[in-house]
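Just below is one structure, and these are the notes that go with it.
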Amino acid sequence: AEVLAEGVSSETKKRNLYRAHAVIAHGVEQHDLDPKILVPLKKPKGKGRGKGSGIKSYLPFSEDELRLLFHSESYKNNSFKKASNFWLPLLGLYTGARLEELAGFHLSAFATVEGFPAMLLSDHETTDEGKNEHALRYVPIHPELLKAGLLEYAELLKEEGHSRLFPEIRAAARDGFAKRATTDFTAYR
């Protein structure tokens, strides 16, 4: 009923149905749900440009895909051309934050909360001033990010006079800071 609620646009209904399908598909693949449950749930076709385009899959990466992404030669040798190419995928992996929050992140949003290093997400310092009432939150900085040198990188940027974690990313007129970051990650992937 919530997925198909009245007063919701047809595009939102399609997106909601696709998400429900993705959850059930995950159950089939990862938790031995009966695959017959998916038969009546065909993947919706979406509008798109070009041949064969449809709704994009936002299913999580598998463990093998994560290994390929984060144990690549680029990560082993730190051969990325831009700091954002190195840090944004790691931040996404270890914070679960939206790309726009991370790509536009301000250095002043680093904090210590109850003795733990943290990041304040979706505040006025990020670019969106909070997507909803629950958007404002402190996220502890994962030990792997600390080990990789995130706080040292941020301190270096502060010393150089920068205000954002990724000064090389400029806001796009339509998609904010996430557009360039998405393009870069897709090319890397």
Side-chain angles (χ1 to χ4, degrees), residues 18-19 21-32 53-113 115-123 125-128 131 135 137-160 162-172 175-189:
Y18 178 69
R19 287 177 177 161
H21 179 274
V23 169
I24 294 168
H26 174 79
V28 168
E29 292 171 15
Q30 303 293 324
H31 302 286
D32 298 324
S53 62
I55 293 178
K56 296 176 184 171
S57 171
Y58 294 104
L59 295 176
F61 289 111
S62 69
E63 287 185 35
D64 288 337
E65 291 169 327
L66 289 173
R67 260 190 288 287
L68 285 171
L69 287 169
F70 294 104
H71 295 280
S72 67
E73 289 302 313
S74 297
Y75 270 100
K76 288 178 186 173
N77 302 326
N78 192 8
S79 60
F80 293 100
K81 293 179 181 174
K82 297 186 261 183
S84 58
N85 294 353
F86 175 84
W87 286 111
L88 280 172
L90 287 172
L91 285 166
L93 178 67
Y94 288 113
T95 66
R98 293 181 297 113
L99 184 56
E100 181 69 14
E101 293 174 305
L102 296 172
F105 191 78
H106 280 250
L107 296 169
S108 60
F110 280 106
T112 301
V113 178
F116 294 98
M119 302 169 68
L120 179 61
L121 295 175
S122 281
D123 69 331
E125 293 299 319
T126 62
T127 56
D128 61 4
K131 190 170 181 175
R137 69 220 184 268
Y138 282 100
V139 175
I141 299 174
H142 194 280
E144 289 297 321
L145 294 172
L146 296 172
K147 189 170 127 184
L150 177 63
L151 294 181
E152 292 81 3
Y153 168 66
E155 195 56 43
L156 177 67
L157 289 172
K158 284 180 187 176
E159 289 171 10
E160 292 176 356
H162 297 287
S163 61
R164 290 190 314 102
L165 188 59
F166 303 111
E168 73 274 15
I169 298 177
R170 303 279 183 248
D175 293 323
F177 293 99
K179 184 170 182 72
R180 178 78 254 161
T182 299
T183 302
D184 289 346
F185 181 70
T186 300
Y188 167 68
R189 198 180 75 220

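This is a predicted model, so every value here is computed, not measured.
Every residue two or more places apart in sequence or in another chain was checked for a ring-ring contact (aromatic ring centres under 6.0 Å, His included) with Tyr138, and none qualifies. Here His162 pairs with nothing under the ring-ring contact (aromatic ring centres under 6.0 Å, His included) rule; sequence neighbours left out. For the side-chain contact (heavy atoms from CB on, under 4.5 Å) test, no residue two or more places apart in sequence or in another chain qualifies with Asp32. Partners of His31 under the ring-ring contact (aromatic ring centres under 6.0 Å, His included) rule, at least two apart in sequence or in another chain, are His26.
Looking at Phe177, Trp87, Phe110 one by one, the single match for ring-ring contact (aromatic ring centres under 6.0 Å, His included) with Phe105 turns out to be Phe110.
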For the pair Met119 and Leu91, evaluate side chain to side chain contact (heavy atoms under 4.5 Å, CB included) and give the outcome as yes or no after the intermediate values. CA-CA 11 Å; Met119 302 169 68; Leu91 285 166; 4.1 Å; yes
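Using a 4.5 Å heavy-atom cutoff, the side chains of Leu90 and Tyr75 are in contact.
For the residue pair Lys76 and His71, the shortest heavy atom distance occurs at CE-O, 3.2 Å. Minimum heavy-atom separation, Glu144 to His142: N-ND1, 2.9 Å. Nearest heavy atoms, Leu88 versus Ala103: CD2-N, 3.8 Å.
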Could you list the donor-acceptor pairs under 3.5 angstrom formed between side-chain atoms of residues 180-189 and any protein atom two or more places apart in sequence or on another chain?
unit_1: Arg180; atom_1: NE; unit_2: Asp184; atom_2: OD1; d: 3.1
unit_1: Arg180; atom_1: NH2; unit_2: Asp184; atom_2: OD1; d: 2.9
unit_1: Thr182; atom_1: OG1; unit_2: Ala178; atom_2: O; d: 2.8
unit_1: Thr183; atom_1: OG1; unit_2: Lys179; atom_2: O; d: 3.0
unit_1: Asp184; atom_1: OD2; unit_2: Lys82; atom_2: NZ; d: 2.8
unit_1: Thr186; atom_1: OG1; unit_2: Thr182; atom_2: O; d: 2.9
unit_1: Tyr188; atom_1: OH; unit_2: Leu69; atom_2: O; d: 2.3
unit_1: Tyr188; atom_1: OH; unit_2: Ser72; atom_2: OG; d: 2.7

If you look only at distance, which donor and acceptor atoms sit under 3.5 Å apart when one is on a side chain in residues 146-155 and the other is two or more places apart or in another chain?
unit_1: Tyr153; atom_1: OH; unit_2: Leu165; atom_2: O; d: 2.9

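Of the N and O atoms on the side chains of Ser84 and Glu168, at least one donor lies less than 3.5 Å from an acceptor on the other residue.
A distance of 12.5 Å separates CD of Glu100 from CG of Leu121, quoted to the nearest 0.5 Å. Separating the CG atom in Leu102 from the OG1 atom in Thr95 is a distance of 4.5 Å, to the nearest 0.5 Å.
Counting heavy-atom neighbours within 6.0 Å of Glu63 CD, excluding the residue itself, gives a total of 12 or less.
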